[in-house]
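Taking it in order: structure first as structure tokens, then the write-up.
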Amino acid sequence: MFGGGGLKSAAGIDKLSVKFIHEFLMRYNSNMSQNSQVKPKVLVHIGYPKTGTTSLQKHIFNSFDGVCYLGLYDRYGDLYKFEESAIRCIYTESSLSFDNEIGNFLDLDDGKYIFSEENLLTECMIPSRGRKGFERRTQDIKTILSNIKAFFSCADVEILITIRKQREMIPSFYAQHYHKRFKSTVGMESANSYISTVLSGGAAAVYYDYNSVYDSAVDCFGAGKVKVMPMEMISSDSKRFIQEVGGVLGTCSSLELIPAENVRKEKGVYRVDDIYNLEAVLKKLLNRNVSSVILRNLRLPRSLFPTEFCVTESLLSQIDCRFSTSNRELSNKIGVGLDKYGYF
């Protein structure tokens, strides 16, 4: 057979051939084992909102070498569509996952990705209101985290949580969502009433307890897979933040400073998001000059469209007291001195 030479019996195979076959099989099995273990690396930034997320998404997350940023302000418009699809899968507990969804936009390989979506936490922190396509969404943080884990099941996932002192976070978050949700919710029509609800242990209180949210994330992903960074540290030492994110992904960024976005000019004064204000609507629909003329001639009282509010120092002090103990516990767990940033 085989050219007349026939097949040698096992006894007739020389030792060199046996050694060659053995080494080949060992290399083959090793390569197969390594290939089966290769997973894409995904850093999932779940917020919080009002922690400089716009700056991170616009300037930082898409600046790392060899990393594909998935989300708002990405370099390629199609990836923003992926972000919308992914968030819908997570909200609705869809059976779709990262590998089959990303395949519609990129070839899945052993690449590196950043997925940033503050609304994963936002939807837990605001009053529920039905929205087309999101009827089955959950507002429970543990379920959200579980859904994230399921969606990215094919990947090696690490969670990034950015936080901000609660005395600034709570009124800032209220201002952002005043027109969208809070002004039409009984008991939350004013900032002071909303803060009082949080202080009394309302449903949103648990989400401002960063220590509790951290524990939930650790329970789901493991302690070594959850990183918490205060906004105040990111602002004062952005180079360190960029290096730490790069370290998670095994890469680097040419940037060292994070440009500021949406900076509040007057300390203590919060300007509500005016996306639903008459002025904003007119400016979107009409020429800016025309809309200004209409608004001047309507002479509507400004009280109909509140745009700013202040929070009393008494309430801010109560916020500090409410969360100081849990902030101290979190500081010990993550090894970051939150005390020097005023968390306790």
Side-chain angles (χ1 to χ4, degrees), residues 27-47 52-91 94-121 144-162 217 220-229 234 238-256 258:
R27 286 198 304 269
Y28 176 80
N29 289 332
S30 175
N31 289 337
M32 289 297 290
S33 176
Q34 289 177 7
N35 288 337
S36 66
Q37 294 176 2
V38 170
K39 288 185 175 183
K41 182 80 172 181
V42 183
L43 178 64
V44 180
H45 174 230
I46 64 174
T53 49
T54 300
S55 294
L56 298 180
Q57 292 166 340
K58 271 189 177 182
H59 307 290
I60 300 301
F61 289 152
N62 59 15
S63 72
F64 290 96
D65 295 335
V67 175
C68 181
Y69 168 56
L70 310 168
L72 290 170
Y73 312 112
D74 65 76
R75 294 171 178 169
Y76 312 103
D78 282 348
L79 297 185
Y80 176 61
K81 296 177 184 177
F82 165 80
E83 186 266 352
E84 290 182 315
S85 179
I87 196 73
R88 179 171 280 102
C89 289
I90 293 169
Y91 280 161
S94 167
S95 59
L96 295 175
S97 59
F98 174 70
D99 52 349
N100 54 43
E101 281 297 282
I102 196 66
N104 294 324
F105 306 94
L106 295 172
D107 292 329
L108 181 65
D109 54 19
D110 58 343
K112 302 170 183 177
Y113 303 87
I114 296 178
F115 181 75
S116 176
E117 181 48 77
E118 66 183 63
N119 284 329
L120 291 170
L121 276 173
I144 286 286
L145 290 168
S146 177
N147 291 350
I148 292 172
K149 186 175 183 179
F151 182 76
F152 291 103
S153 59
C154 74
D156 179 12
V157 176
E158 294 205 24
I159 300 295
L160 171 63
I161 305 174
T162 50
C220 189
F221 293 93
K225 295 292 187 179
V226 182
K227 183 180 288 291
V228 177
M229 300 197 72
I234 297 172
S238 55
K239 184 177 181 179
R240 175 184 171 184
F241 172 76
I242 293 169
Q243 289 174 341
E244 290 208 20
V245 172
V248 170
L249 296 166
T251 185
C252 60
S253 167
S254 58
L255 294 179
E256 293 188 356
I258 303 176

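For this chain, numbers begin at 1 and follow the sequence in order. Predicted model, so just to flag it, every value in this text is computed and none were measured.
Taking OG from S55 and CZ from F61, the interatomic distance works out to 10.5 Å, rounded to the nearest 0.5 Å. For the atom pair NE2 (H45) and CE (M229), the distance works out to 10.5 Å, reported to the nearest 0.5 Å. Atom CG of N62 and atom CG of L70 lie 11.0 Å apart (nearest 0.5 Å). Atom CD1 of I46 is separated from atom CD1 of I144 by 9.0 Å, given to the nearest 0.5 angstrom. Y113 OH to D156 CG: the interatomic distance, rounded to the nearest 0.5 Å, is 13.0 Å. S153 contributes atom OG, which lies 13.0 Å from atom CD1 of I148 (distance to the nearest 0.5 angstrom).
Counting only heavy atoms from C-beta outward, the side chains of V248 and K41 approach each other to under 4.5 Å. Using a 4.5 Å cut-off on side-chain heavy atoms (C-beta onward), E158 and F221 make no contact. The closest side-chain heavy-atom distance from F241 to L160 is below 4.5 Å. At a threshold of 4.5 Å between non-hydrogen side-chain atoms, the residues F64 and I242 count as touching.
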Fill in: Audit row: L43, K112, side-chain contact (heavy atoms from CB on, under 4.5 Å) steps and yes/no
CA-CA 8 Å; L43 178 64; K112 302 170 183 177; over 6 Å; no

Discussion item. Show, in sequence, the C-alpha distance, side-chain angles and deciding distance for V245 and I60, and conclude whether the side-chain contact (heavy atoms from CB on, under 4.5 Å) test is met.
Written reply: CA-CA 10 Å; V245 172; I60 300 301; 5.8 Å; no

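Taking all atoms of both residues into account, the shortest heavy-atom contact from A155 to V42 is CB-CG2, 3.6 Å. Contact record, T251 with D65: OG1-O, 2.5 Å, taken as the closest heavy-atom pair.
T162 contributes a side-chain N or O that, together with a main-chain N or O of G47, makes up a donor-acceptor pair within less than 3.5 Å.
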